[in-house]
Amino acid sequence: MSKNIREQLFLTVYEVAEVMNMGKSKCYDYINSPDCPFSVVKVGRLKRIPSNSFFQWYDSLKYLWDFPKVYLVSPGQICRRCPKQRFPTGYWKP
């Protein structure tokens, strides 16, 4: 990824995939989905992503990652990792 990627007007799908740390085909699937949170410009067969739209969305995600993800589970809820085990009362899972 180039250092001046934020200064570009448009990003390619490869550059967006590199920033999001995913493959190109998965990024195309995400961009083509109707719930894509940033704008996509289609020129012929090419797809370009405006960098200001993408980085505004991306920076909002980074803000959410700063908080610890801790959820209180209800007693008796089934654990996803080991379905036979149930959580005890008041168990905090990370």
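If you read the sequence from its start, that first residue is 1, and numbering goes on from there.
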Task: Pairwise ring-ring contact (aromatic ring centres under 6.0 Å, His included) hits with a residue in residues 30-52, at least two apart - done: Phe38-Phe54, Phe38-Trp57
Task: Hydrophobic cluster partners of Val41 (side-chain heavy atoms under 4.5 Å) - done: Leu9, Phe10, Val43
Any chance you could measure [X], atom [atom1], to [Y], atom [atom2], to the nearest 0.5 Å?
{"X": "Cys27", "Y": "Met20", "atom1": "SG", "atom2": "CE", "value": "6.0 Å"}
{"X": "Thr12", "Y": "Ile49", "atom1": "OG1", "atom2": "CD1", "value": "7.0 Å"}
{"X": "Ile5", "Y": "Glu15", "atom1": "CD1", "atom2": "CD", "value": "4.5 Å"}

Return the set of residues passing side chain to side chain donor-acceptor pair (under 3.5 Å) with [X] (not counting sequence neighbours), or none when no residue passes.
{"X": "Tyr14", "answer": "Glu18"}
{"X": "Asn21", "answer": "none"}
{"X": "Ser25", "answer": "none"}

TODO: Flag the pair Asp29 and Lys24 as a salt bridge only when some basic side-chain nitrogen lies within less than 4.0 angstrom of an acidic carboxylate oxygen.
DONE: no
TODO: Give every residue pair that meets the side chain to side chain donor-acceptor pair (under 3.5 Å) criterion with at least one member in residues 34-44, sequence neighbours excluded.
DONE: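 The answer is Ser33-Asp35, Ser39-Ser53.
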Open item on the list: Do Asn52 and Arg6 have side chains that approach each other closer than 4.5 Å (heavy atoms only, starting at C-beta)?
Closed with: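 Of all side-chain heavy-atom pairs linking Arg6 with Asn52, none is under 4.5 Å.
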Open item on the list: How close do Leu11 and Ser51 get, counting heavy atoms only, and between which atoms?
Closed with: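 Here Leu11 and Ser51 meet closest at CG-CB, 4.0 Å.
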